[in-house]
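Report on the following structure.
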Amino acid sequence: MEEPRSTTDQMKNVEGALMTERDLSNYMEYLDVTIGEIVRWGKILEIGSGTEQNFAKEIRERGYGNKVISIDPRLALPELIDLGGMFPEEHEARLRGRKNPEVNTIAALAQNLPIESGSVDAILASRSVPLYISSQEDMDSVLTEMCRVLKVGGEIRIYPVAVGEKRKVVEISLRNLLELEVLSWEIKLEEGSSLNYLLKIKKIPR
């Protein structure tokens with residue numbers, strides 16, 4: 001039997017992750033998010049907040065009134081290690097994101113979310129999960145945690161789910177999850193691409 005993965009192992013994956021920018025336009029393009037949905041969703045959980053929490057910042061500056069909780073496990077890394085995984089021209093923005101993060105930014109792993117059950121309306125993950133999840137056990141934990149904190153009627157959107165082994169891992173986790181939760185879900189092919197899929201999960205009552 002495979003030994004349970006430790007937090008140290010999971011943080012090694014975080015350390016090796018490539019950080020990218022994630023703002024509202026990114027989520028609209030890749031996660032099929034609309035302004036109408038943003039307005040409707042009161043509390044949004046963002047898994048992987050990019051260099052300086054640009055999505056949460058833009059939502060605040062536009063005055064939509066959402067509470068955005070940004071999960072950034074790299075904030076738990078020492079500054080030098082965090083910056084060491086980035087291009088030099090990104091350091092200034094990342095230091096702003098580290099030293100003056102948006103309100104409700106949390107250094108945590110998606111496998112163990114420090115968030116109340118059934119408390120968020122939407123969960124958005126762009127270029128984070130499942131790219132940097134390396135085991136079936138971790139993917140099971142991530143999707144279980146996402147569905148735990150999601151309200152009934154809430155939605156999860158994850159991009160990209162690539163063709164191949166990563167997709168198989170996600171599909172096994174979804175089958176495992178169906179034993180615990182009643183969910184409707186679909187994997188939709190991204191327009192113009194034959195390699196990456198957008199995963200939508202909607203939580204419905206039993």
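Both backbone and side-chain heavy atoms feed into the values below; hydrogens, waters and symmetry mates do not.
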When you look at M86 and H91, which way does the side-chain contact (heavy atoms from CB on, under 4.5 Å) test go after all the steps? CA-CA 7 Å; M86 308 178 70; H91 288 182; 4.2 Å; yes
Test your reading of the model: is there a side-chain donor-acceptor pair from E90 to the backbone of T51, 3.5 Å cut-off? no
Close side-chain approach of D82 to R98, heavy-atom, < 4.5 Å: yes
Residues forming a salt bridge (charged side-chain N to carboxylate O under 4.0 Å, His left out) with D121, sequence neighbours excluded: K151
What residues, two or more places apart in sequence or in another chain, satisfy side chain to side chain donor-acceptor pair (under 3.5 Å) together with S141? none
Who are the salt bridge (charged side-chain N to carboxylate O under 4.0 Å, His left out) partners of K67, not counting sequence neighbours? none
How would you list all residue pairs meeting ring-ring contact (aromatic ring centres under 6.0 Å, His included) that involve residues 49-76, not counting sequence neighbours? Y27-F55
Across all chains, not counting sequence neighbours, the salt bridge (charged side-chain N to carboxylate O under 4.0 Å, His left out) partners of R60 are E102
Under the rule for side chain to side chain donor-acceptor pair (under 3.5 Å), what residues qualify as partners of N54, not counting sequence neighbours? E21
Apply salt bridge (charged side-chain N to carboxylate O under 4.0 Å, His left out) to R157 and list each qualifying residue two or more places apart in sequence or on a separate chain. E37, E155
Side chains of I156 and L124: closer than 4.5 Å at any heavy-atom pair? no
Should the heavy atoms of other residues, nucleotides or ligands under 6.0 Å from CD of E92 be counted, would the total exceed 12? no
Which pair of non-hydrogen atoms, one from Q53 and one from P101, has the smallest distance, and what is that distance? OE1-CA, 3.2 Å
Do you know the tightest heavy-atom contact between P114 and A108? CD-CB, 3.7 Å
Would you call E171 and K168 a salt bridge, using N to O less than 4.0 angstrom? no
Going through the checks in order, is the side-chain contact (heavy atoms from CB on, under 4.5 Å) test met by I59 and I38? CA-CA 9 Å; I59 293 297; I38 293 291; 3.7 Å; yes
Can you confirm whether I204 sits close enough to V152 that some side-chain heavy atom of one is under 4.5 Å from a side-chain heavy atom of the other? no
Rounded at 0.5 Å granularity, tell me how far CG in N100 sits from OG1 in T105. 11.0 Å
Between I133 and V169, does the side-chain contact (heavy atoms from CB on, under 4.5 Å) criterion hold? Intermediate values first, please. CA-CA 10 Å; I133 301 297; V169 169; 5.8 Å; no
Under the side chain to side chain donor-acceptor pair (under 3.5 Å) test, residues paired with S70 that sit two or more places apart: E46
Any side-chain heavy atom of N66 within less than 4.5 Å of one from V39? no
So salt bridge (Lys or Arg N to Asp or Glu O under 4.0 Å) across residues 105-118, not counting sequence neighbours, yields none
Among R94, R22, K57, find the residue that satisfies the salt bridge (Lys or Arg N to Asp or Glu O under 4.0 Å) test when tested with E52. K57
For N104, enumerate each residue passing the side chain to side chain donor-acceptor pair (under 3.5 Å) test, keeping only those at least two apart in sequence or located in another chain. none
Mind listing the closest non-hydrogen atom pair of G97 and L75 along with its distance? O-CD2, 4.2 Å
Is any side-chain heavy atom of I71 closer than 4.5 Å to a side-chain heavy atom of L45? yes
C147 backbone acceptor or donor facing K203 side chain under 3.5 Å: yes
So how far is it from D138 CG to E145 CD, rounded to the nearest 0.5 Å? 11.5 Å
Residue pairs involving residues 94-121 (criterion ring-ring contact (aromatic ring centres under 6.0 Å, His included); sequence neighbours excluded): none
Can you list the steps and then say if I158 with I47 is a side-chain contact (heavy atoms from CB on, under 4.5 Å)? CA-CA 9 Å; I158 298 171; I47 305 293; over 6 Å; no
Starting from V33, can I reach I35 by hopping between I/L/V/M/F/W/Y residues whose side chains sit under 4.5 Å apart? yes
CD1 (I201) and CG (L150) are apart, to the nearest 0.5 Å, by 9.0 Å
If you measure from CZ on R62 to CG on L24, what distance do you get to the nearest 0.5 Å? 5.0 Å
Which distance, rounded to the nearest 0.5 Å, do you find between the CG of L31 and the CZ of R127? 9.5 Å
Are the side chains of V68 and W41 in touch, meaning some heavy atoms are under 4.5 Å apart? no
Residue pairs, two or more places apart or on separate chains, that pass ring-ring contact (aromatic ring centres under 6.0 Å, His included) and touch residues 160-179: none
What are the two closest heavy atoms between Y197 and Y159, and how far apart are they? O-CD1, 3.5 Å
From CG (L83) to CD1 (I81), nearest 0.5 Å: 10.5 Å
Quick check: do L198 and V161 have side-chain heavy atoms less than 4.5 Å from each other? no
Do any N or O atoms from the side chain of R148 and from the backbone of L113 form a donor-acceptor pair under 3.5 angstrom? yes
